[in-house]
Enquirer: 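Here it is: the structure, laid out below.
Since we're looking at a predicted model, the values are computed, not measured.
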Amino acid sequence: MNEPRDQSARRRFAEGLDRNFSVVASAGSGKTQAITERIVQLAQSKNALEILPKLVVVTFTHRAADEMQQRTRQRILREHRSPALQAAFNRAFFGTIHSFCMKLLTNYGHYLGLPSPLNLVAEDDEELWEAFTQRQLMELGRNARSILSGREKIGQCPSVDFARVHAAIPPPRSAETIANSKAELLDWEKRYRNGWEFVRWPVRSSSARDFLQRWTEAFAPLRTWVAEAALCVAAEVQRDFRDFRIERGLVTYADQVALADELLQHPSASRRLRE
């Protein structure tokens with residue numbers, strides 16, 4: 001049987017244990033076999049008993065992880081390795097990135113104040129969302145001022161000037177729609193400047209080019225500020241919802257990765273992980 005053309009590169013990957021590699025290969029080209037061979041070489045090294053328990057093999061699916069683990073175990077068993085080495089191999093981690101993150105959070109999540117155990121929940125769990133929104137609305141009703149005062153600063157609401165809109169001279173065919181738009185704007189300005197708590201955007205009846213441009217430019221700073229405020233609120237709700245899930249020991253796939261990343265930034269936890 002002929003060897004593949006890149007056999008030397010495969011051998012270098014399997015036996016070059018003192019360096020890191022990036023393997024780029026298509027499906028069915030033998031990546032699993034190559035990684036299995038590299039792990040077998042690790043098992044044959046002098047410090048295998050120290051290395052194998054720290055080994056982390058991350059794949060896209062649980063099925064791929066199980067296959068790689070079984071292939072490697074069979075190779076080790078065929079070579080009649082010692083029971084101590086087999087036990088060391090059994091401590092190696094094979095799984096997906098999310099299951100690895102969950103393992104880190106289970107073992108070290110107390111550094112972040114996480115409850116135990118943590119359970120996976122779907123991103124779109126409606127029952128959990130309804131429970132969260134009900135609690136948020138109740139808290140908002142009781143403590144509206146204290147809640148709002150603690151939000152992130154988004155800058156001063158910009159002043160608005162509609163002088164150019166009101167100064168627009170309508171062409172004859174757009175006179176009525178522009179007049180209606182100006183009247184709507186005047187009514188809106190009155191409520192806006194009198195500090196109404198909720199003011200809907202004014203309705204523009206005209207699509208005349210010059211008038212539309214004036215209207216758009218006048219509202220642009222305010223619309224930008226409102227969009228930034230909405231993003232701020234959305235981010236705050238997202239953080240609150242994550243905290244709500246964690247209180248109940250529930251995490252989504254995205255939570256697992258985000259919390260694991262946060263764990264790696266923690267001074268004490270990251271030191272323990274490196275050890």
Side-chain angles (χ1 to χ4, degrees), residues 39 50-70 72-73 87-154 228-275:
I39 299 172
E50 177 186 353
I51 292 175
L52 289 179
K54 300 177 180 178
L55 180 65
V56 175
V57 181
V58 174
T59 64
F60 282 109
T61 65
H62 289 289
R63 181 178 178 180
D66 292 342
E67 180 185 356
M68 197 172 297
Q69 187 178 36
Q70 290 303 321
T72 311
R73 180 179 285 112
F89 172 77
N90 289 336
R91 292 172 59 192
F93 176 87
F94 288 79
T96 64
I97 184 63
H98 294 104
S99 58
F100 180 61
C101 290
M102 186 66 97
K103 178 180 175 65
L104 295 181
L105 297 176
T106 299
N107 294 340
Y108 303 99
H110 57 277
Y111 284 103
L112 301 179
L114 300 180
S116 182
L118 292 172
N119 297 298
L120 181 65
V121 65
E123 295 272 2
D124 57 352
D125 189 298
E126 293 185 4
E127 185 175 341
L128 187 66
W129 174 253
E130 288 176 3
F132 167 70
T133 53
Q134 183 177 9
R135 190 182 77 169
Q136 288 294 93
L137 288 173
M138 291 177 66
E139 289 185 2
L140 185 61
R142 288 198 299 260
N143 310 300
R145 291 190 179 275
S146 61
I147 291 175
L148 292 174
S149 63
R151 298 307 188 201
E152 295 180 3
K153 301 296 183 183
I154 57 171
E228 291 174 354
L231 287 174
C232 181
V233 171
E236 188 70 22
V237 170
Q238 188 178 56
R239 285 192 293 269
D240 288 348
F241 189 33
R242 192 188 79 170
D243 293 343
F244 182 82
R245 292 193 296 268
I246 291 172
E247 285 176 11
R248 287 151 179 76
L250 302 172
V251 289
T252 64
Y253 284 120
D255 292 337
Q256 292 172 5
V257 176
L259 289 170
D261 181 61
E262 190 174 330
L263 185 65
L264 293 174
Q265 311 308 316
H266 191 285
S268 299
S270 60
R271 184 173 63 252
R272 288 288 305 278
L273 287 168
R274 284 196 300 271
E275 291 170 354

Enquirer: What heavy-atom pair brings Leu250 and Asp255 nearest, and what distance separates the two atoms?
Expert: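 Looking at all heavy atoms of both residues, the closest pair is O-OD2, 4.5 Å.
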Enquirer: Locate the shortest heavy-atom distance separating Ala122 from Thr252; write the atom from each residue and the value.
Expert: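 Shortest heavy-atom contact: O-CG2, 4.2 Å.
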Enquirer: Closest heavy-atom contact between Arg248 and Leu128?
Expert: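 So the two residues come closest at CD-CD1, 4.1 Å.
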Enquirer: Counting only heavy atoms not in Glu126, do more than 12 sit closer than 6.0 Å to its CD atom?
Expert: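 Atom CD in Glu126 is not crowded, with 12 or fewer foreign heavy atoms closer than 6.0 Å.
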Enquirer: Does the pair Ile246 and Leu259 meet the rule for a side chain to side chain contact (heavy atoms under 4.5 Å, CB included), with working shown?
Expert: CA-CA 10 Å; Ile246 291 172; Leu259 289 170; 3.8 Å; yes
Enquirer: Once you round to the nearest 0.5 Å, how far does CZ of Phe89 lie from CZ of Arg91?
Expert: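 So the CZ of Phe89 and the CZ of Arg91 are separated by 13.5 Å.
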Enquirer: Would you call the rings of Phe241 and Trp129 parallel, tilted or perpendicular if under 30° counts as parallel and over 60° as perpendicular?
Expert: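 Perpendicular.
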Enquirer: Does Glu127 have more than 12 heavy atoms from other residues, nucleotides or ligands lying within 6.0 Å of its CD?
Expert: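 At most 12 heavy atoms, drawn from other residues, nucleotides or ligands, come within 6.0 Å of this atom.
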Enquirer: Within this structure, what is the CG-CZ distance for the pair Asp125 and Arg245, rounded to the nearest 0.5 Å?
Expert: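 With rounding to 0.5 Å, CG (Asp125) is 9.5 Å from CZ (Arg245).
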Enquirer: Can you tell me how far the NZ atom of Lys103 sits from the CG atom of Asn107, to the nearest 0.5 Å?
Expert: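 So the gap between those two atoms works out to 5.0 Å.
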Enquirer: Shortest non-hydrogen contact from Cys101 to Ala260?
Expert: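 Heavy-atom minimum between the residues: SG-CB, 3.6 Å.
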Enquirer: Atom CG of Leu105 and atom CG of Leu263: how far apart are they, to the nearest 0.5 Å?
Expert: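 Nearest 0.5 Å value for the CG-CG distance: 6.0 Å.
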Enquirer: Going by ring-ring contact (aromatic ring centres under 6.0 Å, His included), name the pairs with one or both residues in residues 252-275, residues two or more places apart or in two chains.
Expert: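 Found His98-Tyr253, Tyr111-His266.
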Enquirer: Which heavy atom of Arg242 sits nearest to which heavy atom of Ala258, and what is that distance?
Expert: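 Taking every non-hydrogen atom into account, NH1-CB, 4.1 Å.
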Enquirer: Could you walk me through whether Arg73 and Asn90 pass the side chain to side chain contact (heavy atoms under 4.5 Å, CB included) test, one step at a time?
Expert: CA-CA 9 Å; Arg73 180 179 285 112; Asn90 289 336; 3.2 Å; yes
Enquirer: Please check if the number of heavy atoms outside Gln238 that lie under 6.0 Å from its CD is greater than 12.
Expert: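 No, because the 6.0 Å sphere around CD of Gln238 holds 12 heavy atoms or fewer from other groups.
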Enquirer: Of all heavy-atom pairs between Phe60 and Thr96, which one has the smallest distance, and what is that distance?
Expert: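 Residues Phe60 and Thr96, closest heavy atoms: O-CG2, 3.7 Å.
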Enquirer: For Leu118 and Gln256: C-alpha separation, side-chain torsions, deciding distance, then whether side chain to side chain contact (heavy atoms under 4.5 Å, CB included) applies.
Expert: CA-CA 10 Å; Leu118 292 172; Gln256 292 172 5; over 6 Å; no
